[in-house]
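Letters A, B, ... mirror the listed sequences (proteins, then strands); counts begin at 1.
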Amino acid sequence: MNVLCRFARGITRLNDRIGAVAAYLVLPIFALLLLEVGLRYWLGRPAVWTGELAQMLFGAYALLSGAYLLVHSGHANVDILHGALPPRARAAVDVATSVLLFVFIGALLYFGSSIAWQSTARLETSMSAWNPPIWPLKLLIPIAALLVLLQGLAKLIADLQALGLLPADEEVLPEAEGQEKGL
Amino acid sequence: MSLELLTLLFFGALLFFLLLGLPLVFVLGGVSVIFLYFTWGPGAFFIVASQMWSTMGSFTLLAIPLFVFMAMILERTGVASSLYRMMHLWWGGVRGGLAIGTVGICALFGAMCGISGAAVVTMGTIALPSMLERGYDKRMALGCINAGGGFGILIPPSVIMILYALITGDSVGKLFAAGILPGLLLLVLISGYIAIRCWLQPELGPALPPAERGTWRERLLALRAVLLPMLIVVMVLGSIIGGIATPTEAAALGVAGALVSAAVHRRLDWALIREASRRTFRLTGMIVWILFAAHAFSSAYQGMGAQDLIRELVLDLPGGPWATVILFQLVIFLMAMVLDPLGIMLITLPVFVPVIVALGFDPIWFGILFIINMEIGYMTPPFGFNLFYLKGIVPPSISMTDIYRSVIPYALVMILAMAIIMVFPRIATYLPGLLF
């Protein structure tokens, strides 16, 4: 197995694992908000940290979903023409359009890093009544962008293999599960 | 380069890359970043990255994973089958009764969950085989499930309404309140259509033989099925409209209700939680990442000055304000053929809503029209979600053509409802005015 192939498989597995764990964050978010309502209405005493902690978990939840969705082809797209193409043509189109992915995620990575750097350098906190540190969450922005970028590269490698431009000895991406439809 | 040309190029590029199948998030993000670079320079990206941070901190957005999670759980509990049994006993004796009852259950589901998929999937697996077995016309049966599935987004709570409120800056509570009467109007119109049609042509939806209608004792016992769903509706909607909880907190109450009802039906296990968490993660992640990219899009769009350009163009249209409203609805309807609802909202609402307000219309009322329009989009080809949901679960004897043809009369009824709400805006604006 060549190096690129191993890289693509490794990244895909990593993002899949991270996503599988992050998906469960919805449970503590739910529990915290339920606790908040409970504390306020039955004990008459709101806690300062429940809502804010739920909000921070949601931030991490949202950020970490990006790469996971890319692994499973879960980002919404228009499939009318694309889905009708033969596999090789589809791979060629995907290679061409991936430029926009790299432009957007690249910009996010670059400017996300500078925001994260400013925040981490002064160990920024939220300045609320509870005042938790928020620099780890800001640091997660460039990390999440990097994970999406790496997954974009893995997808690019898979597409180039499908086109025969790279040697392919094994499948690097799992079977696509498609989008979760119906908002 | 002139503003007109730049605007055309911008929307042209969006459309081009969308049709090539690149996910919406990267189309919006990528095209906008390139345009931002050439119009405002790289400094503009700072705004984009910092707006991403404020999206993550939106308390309203936090309601979305919870409403989705709730729907994913309710879809797998036995709530729907006990409701269907109750409805069968009470309505089976009426011509078309099973179809009317199915629409009613869909409405109840709409009042419990914020997304449309749950009702279509559950009713498609439970009500459809049962109706076909009892000699209902297949188009009548398919169509009522398809149409009923759309209630999820019009009857509050509704994830689409939350997103609409987020994009236009309106209040979520007001939109929720505004959806109630139009939702009931649709329920009455659709049930009315089924009742009249089956009265005239009994072979489409024959009444059940008396042996199947059950005794009064059975009927009264079956009413238990409604208790738990009603409790969830009261907890979620009641707490929002009564001002006791924010929509986000109400969503958490709803999740608790859904878990309890799963436990009562003995379906609550780790497999259910795992499946629901994973699907919630995917749907929520998809929405939030599109919103991340949407900041780049709106910065680019406003930075170019395209917003003013389009506003001026539209205000110059002949035919006056009403022609504009109808034109907007047509554009939305056409876009619904290729694009998902969030994409349509992000691209059209920043353009349309300021114009609507400038023309003196109520943005909440426009939101309700928009959502009914989306509902029609859900059930009409080529991109209707509900069609694909149904195709995935119907027996092989039913073809895609059957499904397509089944929606025609129901889509016409919904267009009629839209017209009624346009002529009588009070249907949408009365409750928000009363409650808030």
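Here B:S58 is the residue among B:S58, B:S239, B:G149 with the most heavy-atom pairs under 4.5 Å with chain A. When the candidates B:G285, B:A256, B:A252 are compared by the number of heavy-atom contacts under 4.5 Å with chain A, B:A252 comes out ahead. Per-residue heavy-atom pair counts under 4.5 Å with chain B were compared for A:L85, A:L25, A:V37, and the maximum is reached by A:V37. Ranked by non-hydrogen atom pairs under 4.5 Å with chain A, the options B:L19, B:V25, B:I244 are led by B:I244. Comparing A:G51, A:A96, A:A60, A:G19 by how many heavy-atom pairs each has under 4.5 Å with chain B, the most go to A:G19. When A:L64, A:L34, A:D94, A:L81 are compared by the number of non-hydrogen pairs under 4.5 Å with chain B, A:L34 comes out ahead. The most heavy-atom pairs under 4.5 Å with chain A, out of B:A118, B:S32, B:A293, come from B:A293. Heavy-atom pairs under 4.5 Å with chain A were tallied for B:V31, B:L22, B:L18, B:V288; the largest tally goes to B:L22.
For B:M374, no part sits under 4.5 Å from any heavy atom of chain A, backbone or side chain. For a residue to count as touching a neighbouring chain, one of its non-hydrogen atoms must lie under 4.5 Å from one of that chain's; by this rule A:L101 touches chain B with backbone and side chain alike. With a 4.5 Å cut-off on non-hydrogen atoms, A:Q55 touches chain B through its backbone and its side chain both. Looking at A:R40, only its side chain comes within 4.5 Å of chain B, counting heavy atoms on both sides. Looking at B:L259, the atoms closer than 4.5 Å to chain A (heavy atoms on both sides) all sit in the side chain, from C-beta outward. Neither the backbone nor the side chain of B:V120 comes within less than 4.5 Å of any heavy atom in chain A. Contact of A:L57 with chain B is not made at all, since no heavy-atom distance falls under 4.5 Å. Within the 4.5 angstrom heavy-atom criterion, atoms from both the backbone and the side chain of A:A54 approach chain B. A:F102 does not touch chain B: none of its heavy atoms, backbone or side chain, sits under 4.5 Å away. No part of A:V99 comes within reach of chain B, as not one of its non-hydrogen atoms sits under 4.5 angstrom from that chain. Looking at A:A22, both its backbone and its side chain come within 4.5 Å of chain B, counting heavy atoms on both sides. The contact between A:I134 and chain B is made by backbone and side chain atoms together, counting heavy-atom distances below 4.5 Å. With a 4.5 angstrom heavy-atom cutoff, A:L32 does not touch chain B via any of its atoms.
Heavy-atom minimum distance, B:S277 versus A:Y24: OG-CD2, 3.8 Å. Between B:G30 and A:V103, the closest heavy-atom pair is O-CG1, 4.1 Å. B:M52 and A:L63 make their closest contact through CE-CD2, 3.6 Å (heavy atoms, listed as atom of the first residue, atom of the second, distance). Considering all non-hydrogen atoms of both residues, B:W289 and A:A62 come closest at NE1-O, 2.9 Å. Contact detail for A:N77 and B:P23: the closest heavy-atom pair is CB-CA, 3.6 Å.
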* Passes side chain to side chain contact (heavy atoms under 4.5 Å, CB included), B:I34 versus A:L100? Steps please. -> CA-CA 9 Å; B:I34 291 171; A:L100 284 186; 3.7 Å; yes

* Working for side chain to side chain contact (heavy atoms under 4.5 Å, CB included), residues A:L70 and B:F26 -> CA-CA 11 Å; A:L70 200 52; B:F26 304 123; 4.0 Å; yes

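Residues A:L69 and B:R282 are in side-chain contact: their nearest non-hydrogen atoms beyond the backbone lie under 4.5 Å apart. Taking the side chain as every heavy atom from C-beta outward, B:W53 and A:L137 approach each other to under 4.5 Å. Contact check for B:I273 versus A:L27: side-chain heavy atoms found under the 4.5 Å cut-off. Contact annotation: the side chain of A:L33 approaches that of B:F59 to within less than 4.5 Å [non-hydrogen atoms, C-beta and beyond].
Interatomic distance, B:T280 OG1 to A:F30 CZ, rounded to the nearest 0.5 Å: 12.0 Å. The line from CD of A:E36 to OG1 of B:T246 is 7.0 Å long, rounded to the nearest 0.5 Å.
Along residues 105-123 of chain A, the residues that come nearer than 4.5 angstrom to chain B, judged on non-hydrogen atoms, are A:I105, A:A107, A:L108, A:F111, A:G112, A:S114, A:I115 in order of number.
Around the CZ atom of B:F38, the shell of radius 6.0 Å holds no more than 12 heavy atoms that belong to other residues, nucleotides or ligands.
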Give the table of side-chain donor-acceptor pairs shorter than 3.5 Å for residues 60-73 of chain B, with sequence neighbours excluded, one pair per line with atom names and distance.
none

